[in-house]
Amino acid sequence: MAQLFTPAASTAFRVLIVLALLGAVATGVMAYFWARADSTWNIGKPAEQPVPFRHDLHNGALGIDCRYCHSTVERAADAGMPSAQTCMSCHSQVWTGASVLEPVRSSFALGQPIEWTSVHRLPDYVYFNHAAHVTKGVACETCHGRVDQMPKTVKTQTLSMGWCLDCHRDPAAHLRPRQAVFSMGYEPHGNDLPEDVRVFYREASRRLTSCSTCHR
Ligand code: HEC
Ligand code: HEC
Ligand code: HEC
Ligand code: HEC
Ligand code: HEC
């Protein structure tokens with residue numbers, strides 16, 4: 001039977017197949033690292049804000065509680081953002097003439113909210129609820145990091161689906177006593193959690209990892 005391809009053509013063809021396979025593997029490896037890179041998830045990147053607000057100063061140094069400014073965090077899905085009035089409770093007395101606070105003063109005068117840029121934003125098809133976490137002993141620090149040391153607010157976790165699921169598979173290991181939810185730099189001391197809570201979460205993990213919990 002006549003040869004369909006010359007020997008040279010078959011060699012070229014084999015080389016092509018090997019190259020295509022290598023290319024596919026390289027793409028896979030790159031996608032793997034891209035999906036895990038901090039920059040893909042905007043970790044550590046501050047957003048442009050209308051006022052250079054500092055958590056390290058207000059929470060870290062002055063010790064103002066998170067709930068003073070994020071007042072719905074224990075009651076609602078959204079943590080809530082401070083109004084100009086909340087800032088003016090102090091800034092009508094301190095730093096009154098400062099030009100950096102001009103947007104706060106004009107929002108206050110006009111009765112309009114200050115337009116903060118979001119640092120954390122989940123896609124619309126994901127349901128999240130602060131109250132459900134905070135009231136069960138998941139701390140701000142666990143998801144937002146050392147906010148009390150941030151001159152500019154940044155993301156410290158990916159907030160990816162894999163990250164949510166890592167905890168939902170075994171939440172008990174990540175829980176704190178209720179009174180430590182707002183504190184920063186907390187060190188767990190041994191067996192903080194009663195055994196019945198651990199048993200409860202071993203059973204709850206099936207519900208917490210089902211798609212409809214977060215995609216409803
Ligand atoms: C409980 C009182 C209090 C509240 C509420 C408060 N601040 Fe302040 N803020 C201070 C004090 C005190 C200083 C000055 C600290 C200093 O001089 O070292 C300050 C300083 C600042 C500065 C200057 C920071 C710098 O050194 O660059 C900005 C900007 C600022 N605050 C913004 C805000 C905004 C925005 C809000 C509302 C979300 C707010 N503050 C709410 C007490 C407060
Ligand atoms: C004095 C008011 C004030 C206090 C107290 C405060 N915050 Fe904030 N927080 C703000 C303001 C103003 C912003 C928006 C500007 C920014 O992102 O820095 C903000 C933004 C944030 C964001 C990012 C929100 C987003 O858009 O994704 C997180 C997370 C956050 N705060 C957590 C905390 C935690 C945790 C505490 C307590 C440890 C706390 N805050 C205490 C005023 C406050
Ligand atoms: C289980 C993780 C988790 C915990 C615990 C948590 N947060 Fe959040 N936080 C998030 C996620 C996820 C978002 C983005 C929500 C969205 O886009 O719907 C967010 C957004 C925010 C925002 C932006 C406004 C908003 O509600 O979207 C603020 C402010 C905030 N968190 C403050 C806090 C404070 C203060 C605490 C502690 C009392 C806290 N968070 C505890 C995960 C968490
Ligand atoms: C560090 C642990 C932790 C992380 C991270 C976490 N969760 Fe949770 N989540 C919990 C715990 C604990 C509960 C409360 C379970 C209970 O007792 O009902 C909960 C409950 C929920 C609920 C309410 C379930 C219900 O209907 O009662 C939703 C929705 C949810 N989480 C979504 C998310 C999403 C979305 C993310 C990621 C952006 C996330 N969680 C990250 C620990 C976590
Ligand atoms: C604990 C919360 C949680 C549960 C449970 C969960 N997801 Fe997600 N899912 C998320 C979050 C957060 C995102 C957005 C961030 C991301 O893309 O990783 C997401 C994104 C997605 C996306 C878009 C992914 C992309 O790359 O654009 C799909 C598809 C998805 N989820 C399917 C599912 C399916 C199917 C299940 C059930 C087996 C499930 N999810 C269970 C939190 C959850």
Side-chain angles (χ1 to χ4, degrees), residues 31 34-36 40-42 45-91 101 103-104 107 113-169 171 174-176 178 180-186 204-216:
W34 177 82
R36 276 155 190 78
T40 309
W41 299 95
N42 283 327
K45 271 192 232 155
E48 199 67 48
Q49 300 292 358
V51 183
F53 175 80
R54 290 175 50 176
H55 280 101
D56 62 345
L57 182 96
H58 291 86
N59 176 253
L62 297 171
I64 313 174
D65 190 279
C66 312
R67 286 162 288 185
Y68 189 85
C69 295
H70 306 296
S71 58
T72 57
V73 78
E74 288 177 296
R75 291 181 268 123
D78 283 337
M81 292 302 274
S83 66
Q85 198 166 1
T86 307
C87 312
M88 288 303 274
S89 64
C90 292
H91 287 293
L101 286 168
V104 175
S107 292
I114 306 169
E115 300 208 351
W116 304 109
T117 314
S118 289
V119 179
H120 304 75
R121 185 53 60 220
L122 293 175
D124 286 343
Y125 55 80
V126 183
Y127 174 75
F128 180 78
N129 187 313
H130 273 96
H133 291 89
V134 173
T135 57
K136 296 289 162 59
V138 189
C140 314
E141 185 184 357
T142 307
C143 300
H144 295 302
R146 291 301 296 267
V147 173
D148 63 323
Q149 296 174 349
M150 293 178 187
K152 288 187 174 180
T153 317
V154 292
K155 248 171 106 174
T156 60
Q157 306 293 329
T158 58
L159 310 189
S160 69
M161 178 161 132
W163 175 79
C164 309
L165 287 172
D166 265 351
C167 181
H168 278 205
R169 281 189 200 106
H174 305 271
L175 301 183
R176 293 184 185 182
R178 279 288 306 279
V181 159
F182 299 94
S183 45
M184 293 279 158
Y186 169 82
S205 81
R206 187 195 303 266
R207 167 174 58 89
L208 289 176
T209 51
S210 91
C211 314
S212 60
T213 299
C214 306
H215 305 294
R216 23 180 106 178

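Atoms within each ligand, like the ligands themselves, are counted from 1 in listed order.
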**Message:** Donor-acceptor check, side chain of Ser107 to backbone of Pro103, threshold 3.5 angstrom: yes or no?
**Reply:** yes
**Request:** Using a strict 4.0 Å cut-off to heavy atoms of Phe182, name the atoms of ligand 3 that fall inside it.
**Result:** 38 (C)
**Prompt:** Given Tyr125, Trp41, Tyr127, Trp163, which one has a non-hydrogen atom that is nearest to atom 25 (C) of ligand 5?
**Reply:** Tyr125
**Request:** Measure the acute angle between the ring planes of His120 and His144, then classify it against the limits of 30° and 60° as parallel, tilted or perpendicular.
**Result:** perpendicular
**Request:** Quick one: look up the protein heavy atom nearest atom 18 (O) of ligand 5 and list residue, atom name and how far away it is.
**Result:** Met161 N, 2.8 Å
**Item:** Nearest-option assignment for atom 40 (N) of ligand 3, heavy atoms, candidates His144, His174, His168, Arg67
**Value:** His144
**Item:** Intermediate values then yes/no, side chain to side chain contact (heavy atoms under 4.5 Å, CB included), Val73 and Phe182
**Value:** CA-CA 11 Å; Val73 78; Phe182 299 94; 4.0 Å; yes
**Request:** Pick one of side chain, backbone, both or neither for how Glu141 approaches ligand 2, counting any non-hydrogen atom pair under 4.0 Å.
**Result:** neither
**Complete:** Interatomic distance, CD1@Ile64 vs CG@Asp148, rounded to 0.5 Å, equals 13.0 Å
**Message:** Would Leu122 count as being in polar contact with ligand 3, using the rule that some N or O on each side must be under 3.5 angstrom apart?
**Reply:** yes
**Asked** Who gets closest to atom 1 (C) of ligand 3 by heavy atom: Ser118, Cys143, Cys69?
**Response** Cys143
**Message:** Can you report which non-hydrogen protein atom sits closest to atom 24 (C) of ligand 2, along with the distance?
**Reply:** His120 ND1, 4.1 Å
**Request:** Tell me, with the steps shown, if His215 and Met161 meet side chain to side chain contact (heavy atoms under 4.5 Å, CB included).
**Result:** CA-CA 11 Å; His215 305 294; Met161 178 161 132; 4.1 Å; yes
**Message:** Suppose we measure from atom 26 (O) of ligand 2 to each protein heavy atom; which comes out shortest, and what is that distance?
**Reply:** Val119 N, 3.0 Å
**Asked** Between Trp116 and Phe53, how do the two ring planes meet: parallel, tilted or perpendicular, split at 30° and 60°?
**Response** perpendicular
**Prompt:** Looking at Met184, which atoms of ligand 2 are within less than 4.0 Å of one of its heavy atoms?
**Reply:** 35 (C), 38 (C)
**Request:** Decide whether the shortest distance between a heavy atom of Val138 and an atom of ligand 3 is less than 4.0 Å.
**Result:** yes
**Request:** Say whether Thr142 and ligand 3 are in contact under the criterion: heavy-atom distance to a ligand atom below 4.0 Å.
**Result:** no
**Fill in**
In this structure, atom 37 (C) of ligand 3 is nearest to the protein heavy atom Cys140 SG, 1.8 Å
**Request:** Could you tell me whether Ala47 approaches ligand 2 through its side chain, its backbone, both or neither, with non-hydrogen atoms closer than 4.0 Å?
**Result:** neither
**Prompt:** Tell me: protein heavy atom nearest atom 12 (C) of ligand 2, and distance?
**Reply:** Trp116 CZ2, 3.4 Å
**Message:** Give the atom numbers and elements of ligand 2 that come within less than 4.0 Å of a heavy atom of Asn59.
**Reply:** 37 (C), 38 (C)
**Message:** If the cut-off is 4.0 Å to any non-hydrogen atom of His133, which atoms of ligand 3 fall inside it?
**Reply:** 1 (C)
**Message:** Only heavy atoms of Cys164, strictly under 4.0 Å: list the atoms of ligand 5 that pass.
**Reply:** 1 (C), 2 (C), 12 (C)
**Proximal ligand 2 atoms for Pro82, defined as those under 4.0 Å from one of its heavy atoms** = 12 (C), 42 (C)
**Request:** Have a look at ligand 5 and work out which part of Val126, if any, has a heavy atom under 4.0 Å from it: side chain, backbone, both or neither.
**Result:** side chain
**Prompt:** Distance from Arg75 atom CZ to Arg67 atom CZ, nearest 0.5 Å?
**Reply:** 11.0 Å
**Message:** Looking at non-hydrogen atoms alone, which of Ser160, Gly162, Cys211 comes nearest to atom 38 (C) of ligand 5?
**Reply:** Cys211
**Prompt:** Under 4.0 Å from any heavy atom of Cys66, which atoms of ligand 3 are there?
**Reply:** 35 (C)
**Asked** Does ligand 5 have any atom sitting under 4.0 Å from a heavy atom of Thr158?
**Response** no
**Message:** Show me which atoms of ligand 3 lie under 4.0 Å from any heavy atom of Leu159.
**Reply:** 12 (C)
**Message:** Whether the side chain of Thr158 engages the backbone of Trp41 through a donor-acceptor N/O pair (distance < 3.5 Å, no angle test) should be reported.
**Reply:** no
**Message:** Applying side chain to side chain contact (heavy atoms under 4.5 Å, CB included) to Asn42 and Arg121, what does each step give before you reach the verdict?
**Reply:** CA-CA 11 Å; Asn42 283 327; Arg121 185 53 60 220; over 6 Å; no
**Complete:** Nearest non-hydrogen protein atom to atom 28 (C) of ligand 3, with distance, is Ala79 CB, 3.5 Å
**Message:** From the N, O or S atoms in His215, identify the one nearest to atom 8 (Fe) of ligand 5.
**Reply:** NE2
**Complete:** Here the atoms of ligand 5 under 4.0 Å from any heavy atom belonging to Leu208 are 5 (C)
**Request:** Please report the C-alpha distance between Cys140 and Cys66 in whole Å, then the side-chain angles of each, then the deciding distance to 0.1 Å, and finally whether the side chain to side chain contact (heavy atoms under 4.5 Å, CB included) criterion is met.
**Result:** CA-CA 9 Å; Cys140 314; Cys66 312; 4.3 Å; yes
**Message:** When you compare the side chains of His130 and His70, does any donor N or O come within less than 3.5 Å of an acceptor on the partner?
**Reply:** no
**Item:** Atom indices of ligand 3 within 4.0 angstrom of Val73 heavy atoms, with elements
**Value:** 34 (C), 36 (C), 38 (C)
**Prompt:** Is atom 8 (Fe) of ligand 2 under 2.8 Å from any N, O or S atom of His70?
**Reply:** yes
**Request:** Can you sort out which atoms of ligand 2 are near Gln49, meaning under 4.0 Å from one of its heavy atoms?
**Result:** 15 (C), 16 (C), 17 (O)
**Asked** How far is atom 20 (C) of ligand 3 from its nearest protein heavy atom, and which residue and atom is that?
**Response** His130 CE1, 3.4 Å
**Asked** Got a sec: does the CZ of Arg216 have more than 12 other heavy atoms crowding it under 6.0 Å?
**Response** yes
**Message:** Quick check on Asp65 - does any of its heavy atoms sit under 4.0 Å from an atom of ligand 2?
**Reply:** yes
**Request:** Give the contacting part of Val147 toward ligand 2: side chain, backbone, both or neither, where contact means a heavy-atom distance below 4.0 Å.
**Result:** side chain
**Asked** Counting backbone and side chain alike, does His55 bring an N/O/S atom below 2.8 Å of atom 8 (Fe) of ligand 2?
**Response** yes
**Message:** If we only consider heavy atoms of Ser210, is any one of them less than 4.0 Å away from an atom in ligand 5?
**Reply:** yes
**Item:** Heavy-atom closest contact (Ala47 atom, Val119 atom, distance)
**Value:** CB-CG2, 4.4 Å
**Request:** Would you mind checking which non-hydrogen protein atom is closest to atom 5 (C) of ligand 3, with the distance to 0.1 Å?
**Result:** Ala139 O, 3.3 Å
**Prompt:** Is Tyr68 in contact with ligand 2, taking contact as a heavy-atom separation below 4.0 Å?
**Reply:** no
**Request:** Considering heavy atoms of the protein only, find what lies nearest to atom 42 (C) of ligand 3 and give residue, atom and distance to 0.1 Å.
**Result:** Phe128 CZ, 3.3 Å
**Request:** With atom 27 (O) of ligand 3 as the reference point, say which of Gln157, Arg121, Met81 has the nearest heavy atom.
**Result:** Arg121
**Prompt:** Any idea which atoms of ligand 5 are less than 4.0 Å away from a heavy-atom of Cys214?
**Reply:** 1 (C), 2 (C), 3 (C), 4 (C), 5 (C), 42 (C), 43 (C)
**ligand 2 to Thr153 polar contact by distance, N or O atoms, under 3.5 Å** = yes
**Message:** Between His174 and Val138, is there a side-chain heavy-atom distance shorter than 4.5 Å?
**Reply:** no
**Item:** Contact atoms of ligand 3, heavy-atom distance to Asp78 under 4.0 Å
**Value:** 26 (O), 27 (O)
